[in-house]
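What follows is a short report on a single structure.
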Amino acid sequence: MTARRMRWWTPYAFLAPYLALFTVFMIVPIAFGFWTSLHEWDINLPSKPFVGLGNYAELFDPGSVDGGRFWTAMRATGIFTVASVPILVVLPLLVALLMNGRFAGRNVYRAVYFAPYVLGVAVVGLLWRFLLDGNIGLVNHYLGLDVQWTTDLPPAWIALVGVTVWWTLGLNSVIFLAGLQDIPRELHEAAMVDGAGPWRRFLAVTLPGLRPVVVFVVNATILASANMFGQSYLITAGAPADQTKTAIYLIAETGLRQFDMGTASAMSFILAAFLMAASVLVFGAFRDRRRP
């Protein structure tokens, strides 16, 4: 039996379902969002006048109300990202190195570290909102402190970063653990034969083998941290004085509470531009320069 000759349109037929879904749920919303950002778009009013780049110009004007609020939110997003990303990369890697060893109850420990991640942000936010309460919270009670974790700075940032690390540590640990198990054992054995100690094996074998995983984890963690919303909304409510109100928090508030979808869309595209630039920097920083 001879194989039937494949027609030119066969690959496109297989791609069609994905391309249709991608167009409907990605391309069209992005295009509509950009179109919205070019208008004064109040969902309660029938008239939505075209303003061109006026919404963007207003956001880049530090003297405007929306511009000042937006860059304060971007600053809060940057603080949270810079504070959380290094911890969410280094600590999960250390946990993964420990969990990759052979010891009794290894699977139980792995499950314990990953367990918080299965909780929704609403559960995590409300749980820690009460635990960190400055008056009745158990954290102050058991530590003998009098700290307003949800209304003062820098305790509010410590609370937000700490809760996020506790919540998402397990996911990055599992990703690193999968990467560690994918490194051939023969490489470690060869390094041991050559007299390399644990630290030298980590630098010469483990880290190079984890390069693709590290790039993915760093990039994904930056994107997730820059899009933080639920923790700030539920734990600190942006306090004090909107200093912990992140960009996504402000975008949601502007679009869904103030019904100013045009400004909210412009904020979203500016944030997206910063995140794309951050992704380019990450891939550039971790590029293997030994290759031509």
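Side-chain atoms are counted along with the backbone in the values below, which use heavy atoms only and exclude waters and symmetry mates. Please read all numbers here as calculations on a predicted model, not as lab measurements.
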Should we say atom [atom1] of [X] is surrounded by more than 12 heavy atoms from elsewhere, each under 6.0 Å from it?
{"X": "F216", "atom1": "CZ", "answer": "no"}
{"X": "Y113", "atom1": "OH", "answer": "no"}
{"X": "E40", "atom1": "CD", "answer": "no"}
{"X": "D194", "atom1": "CG", "answer": "yes"}
{"X": "F130", "atom1": "CZ", "answer": "no"}
{"X": "R106", "atom1": "CZ", "answer": "yes"}

Heavy-atom closest contact ([X] atom, [Y] atom, distance):
{"X": "T164", "Y": "F80", "answer": "OG1-CZ, 3.4 Å"}
{"X": "N227", "Y": "L223", "answer": "ND2-O, 2.6 Å"}
{"X": "F176", "Y": "V89", "answer": "CE1-O, 3.5 Å"}
{"X": "W149", "Y": "L145", "answer": "CZ2-CD1, 4.1 Å"}
{"X": "P212", "Y": "P208", "answer": "CD-O, 4.5 Å"}
{"X": "F269", "Y": "I30", "answer": "CZ-O, 3.4 Å"}

Rounded distance [0.5 Å steps], [atom1] in [X] versus [atom2] in [Y]:
{"X": "L126", "Y": "R129", "atom1": "CG", "atom2": "CZ", "result": "9.0 Å"}
{"X": "H39", "Y": "F34", "atom1": "NE2", "atom2": "CZ", "result": "11.0 Å"}
{"X": "S173", "Y": "L91", "atom1": "OG", "atom2": "CG", "result": "7.0 Å"}
{"X": "L21", "Y": "I27", "atom1": "CG", "atom2": "CD1", "result": "12.5 Å"}
{"X": "T150", "Y": "D133", "atom1": "OG1", "atom2": "CG", "result": "6.0 Å"}
{"X": "L250", "Y": "M74", "atom1": "CG", "atom2": "CE", "result": "10.5 Å"}

Legend entry - Stepwise ring-ring contact (aromatic ring centres under 6.0 Å, His included) test for W167 and W128: CA-CA 11 Å; W167 180 35; W128 283 99; over 10 Å; no
Under 3.5 Å donor-acceptor, [X] side chain and [Y] backbone:
{"X": "R201", "Y": "M192", "result": "no"}
{"X": "S225", "Y": "S84", "result": "no"}
{"X": "S64", "Y": "D61", "result": "yes"}
{"X": "N219", "Y": "V215", "result": "no"}
{"X": "T246", "Y": "M228", "result": "yes"}
{"X": "T81", "Y": "G78", "result": "no"}
{"X": "N140", "Y": "N135", "result": "no"}
{"X": "W41", "Y": "W35", "result": "no"}

Does a side-chain heavy-atom distance below 4.5 Å link [X] with [Y]?
{"X": "N100", "Y": "Q181", "result": "yes"}
{"X": "T151", "Y": "P240", "result": "no"}
{"X": "V95", "Y": "N172", "result": "no"}
{"X": "M267", "Y": "I251", "result": "yes"}
{"X": "K245", "Y": "E253", "result": "yes"}
{"X": "D152", "Y": "V147", "result": "no"}
{"X": "V165", "Y": "L88", "result": "yes"}

Legend entry - Mutual orientation of the aromatic rings belonging to F114 and Y117 [parallel < 30°, tilted 30-60°, perpendicular > 60°]: tilted
Legend entry - Aromatic ring pairing W71/F60, orientation class (parallel under 30°, perpendicular over 60°, tilted between):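 W71 vs F60 ring planes: tilted.
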Could you tell me whether the side chains of [X] and [Y] share a donor-acceptor contact shorter than 3.5 Å?
{"X": "D242", "Y": "T72", "result": "no"}
{"X": "T236", "Y": "T244", "result": "yes"}
{"X": "D260", "Y": "T254", "result": "no"}

Legend entry - Criterion side chain to side chain contact (heavy atoms under 4.5 Å, CB included) on M99 and V174, from CA distance to verdict: CA-CA 9 Å; M99 294 299 103; V174 168; over 6 Å; no
Inset, instruction - Check the pair L132, V163 against side chain to side chain contact (heavy atoms under 4.5 Å, CB included), reporting the backbone distance first and the verdict last. - result: CA-CA 10 Å; L132 294 170; V163 168; 4.1 Å; yes
Within one Ile-Leu-Val-Met-Phe-Trp-Tyr cluster: [X] and [Y], side-chain cutoff 4.5 Å:
{"X": "F286", "Y": "V82", "answer": "no"}
{"X": "F22", "Y": "F32", "answer": "no"}
{"X": "W157", "Y": "L169", "answer": "yes"}
{"X": "V139", "Y": "V161", "answer": "yes"}
{"X": "I175", "Y": "L207", "answer": "yes"}

Legend entry - side chain to side chain contact (heavy atoms under 4.5 Å, CB included) assessment of L256 paired with Q258: CA-CA 6 Å; L256 301 178; Q258 301 173 6; over 6 Å; no
Inset, instruction - Show your reasoning for whether side chain to side chain contact (heavy atoms under 4.5 Å, CB included) applies to L210 and L93. - result: CA-CA 10 Å; L210 285 178; L93 177 57; 3.7 Å; yes
